[in-house]
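Reminder, nothing fancy here: chain letters follow the sequence lines and each chain counts from 1.
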There are 2 protein chains.
Amino acid sequence: MKQRKIYNRIPVFRNERDLSRQDLADLVGVNYQTIGYLEREEYNPSLDLAFRIAEVFGLPVEMVFSTKPMKPLSEVLRDHLEKEGD
Amino acid sequence: MKQRKIYNRIPVFRNERDLSRQDLADLVGVNYQTIGYLEREEYNPSLDLAFRIAEVFGLPVEMVFSTKPMKPLSEVLRDHLEKEGD
DNA sequence: AGGGAATGTTGTAAAGATACAACAAAAACA
DNA sequence: TGTTTTTGTTGTATCTTTACAACATTCCCT
């Protein structure tokens, strides 16, 4: 099977929390360069690693990784707010 | 990184829809034996393959794959029903 | 300006995932 | 019953992911 490229919001969430790649790498238990490869989207994470990263951010996998290019979070948020007027 | 074993509900959802492994394999574009390996949990799917399979069933990845052993769907459903009295 | 931290790049090696083939076993069913 | 379909098993080959090292570049800080 030809693997599709998977996009991610790792840099967004990582920067937001003021984590270095090394910090995030430590949290999920991988080499810090592995985080670099993921952020540059040079390869896809394993499913296990994707779960670990999503868990660090407390988000569903789909919010961190997607087969389609990531919309800015501001858009996601806007769409969500206008749908549910809470 | 030592990969954790990932559990899944592929057999449940596949049988429910009366799909053979070959059928599901065709739908996601892998060899039918790959589905077998996944169902026996002999190895984890790539993130891409996990997305494809979840998409076939129209469910979030977390409902099909998990790092913890899968509860029977009846339990999941019960918990959900008693939380939200819809 | 200079030092340290964070990030990017390149290369090699090991582990994990997928394909494919061939055959065995089990299940469905005429 | 025997026949077909589905599933399991074993083995090999290839591709992808991860680790690790070494070095270059960029950024921040004072």
Discussion item. Less than 4.5 Å apart, side chain to side chain, heavy atoms only: is that true for His80(B) and Lys83(B)?
Written reply: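 No, too far: nothing below the 4.5 Å cut-off.
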Discussion item. Does any part of the side chain of Phe65(A), heavy atoms only, come nearer than 4.5 Å to the side chain of Ile10(A), both counted from C-beta?
Written reply: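 SC-SC contact between Ile10(A) and Phe65(A) confirmed.
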Nearest-0.5 Å distance, [atom1] of residue [X] to [atom2] of residue [Y]:
X	Y	atom1	atom2	result
Leu49(B)	Ile35(B)	CG	CD1	6.0 Å
Phe51(B)	Gln3(A)	CZ	CD	12.0 Å
Arg14(A)	Leu24(A)	CZ	CG	7.0 Å

Rounded to whole angstroms, how far apart are [atom1] on [X] and [atom2] on [N]?
X	N	atom1	atom2	result
Ile35(A)	dT17(D)	CD1	P	14 Å
Gln22(B)	dA19(C)	CD	C1'	13 Å
Lys2(B)	dA14(C)	NZ	C1'	15 Å
Asp26(A)	dT18(D)	CG	P	16 Å
Asp18(B)	dT5(D)	CG	C1'	14 Å
Asn15(B)	dT6(D)	CG	P	12 Å
Arg4(B)	dG16(C)	CZ	P	14 Å
Ile6(B)	dT17(D)	CD1	C1'	14 Å

Worksheet item: When every nucleotide of nucleotides 22-30 of chain C is labelled 5' to 3' by its protein contacts under 4.0 Å (heavy atoms), B for base, S for sugar-phosphate only, - for none, what sequence of letters results?
Response: B--------
With a 4.0 Å limit, can you tell me whether [X] has a side-chain N or O closer than that to the phosphate oxygens OP1/OP2 of [N]?
X	N	result
Asn31(A)	dT18(D)	no
Arg14(B)	dT6(D)	no
Gln3(A)	dT18(C)	yes

Discussion item. Any salt bridge linking Arg52(B) with Asp48(B)? Criterion: basic side-chain nitrogen under 4.0 Å from a carboxylate oxygen.
Written reply: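 Between Asp48(B) and Arg52(B) there is a salt bridge, with a charged N closer than 4.0 Å to a carboxylate O.
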Practice prompt. Inspect the surroundings of CE in Met1(A) and state if more than 12 heavy atoms from other residues, nucleotides or ligands are less than 6.0 Å away.
Written response: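 Yes, enclosed.
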Discussion item. From the set dG16(C), dT6(D), dT18(C), return the single nucleotide nearest to any side-chain atom of Ser20(B).
Written reply: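 Nucleotide nearest to Ser20(B)'s side chain: dT6(D).
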Worksheet item: Quick one: which of dT16(D), dT7(D), dA19(D) gets closest to the side chain of Val30(A)?
Response: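 Output: dA19(D).
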Item to complete: Enumerate the residues from residues 38-65 of chain B whose closest heavy atom to DNA chain D is under 4.0 Å, giving them by residue number; use none for an empty result.
Response: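 Contacts with DNA chain D under 4.0 Å: Arg40(B).
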Worksheet item: Hey, does the side-chain of Tyr37(A) have a donor or acceptor N/O within less than 3.5 Å of a partner on the base of dT7(C)?
Response: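 Side chain to base: no pair present.
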Discussion item. In terms of relative ring orientation, are Tyr37(B) and Tyr43(B) parallel, tilted or perpendicular, with 30° and 60° separating the classes?
Written reply: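 Rings of Tyr37(B) and Tyr43(B): parallel, as their planes differ by under 30°.
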Worksheet entry | Derivation of the salt bridge (Lys or Arg N to Asp or Glu O under 4.0 Å) call for Lys71(B) and Asp79(B) | CA-CA 11 Å; Lys71(B) 280 197 285 194; Asp79(B) 290 356; 3.1 Å; yes
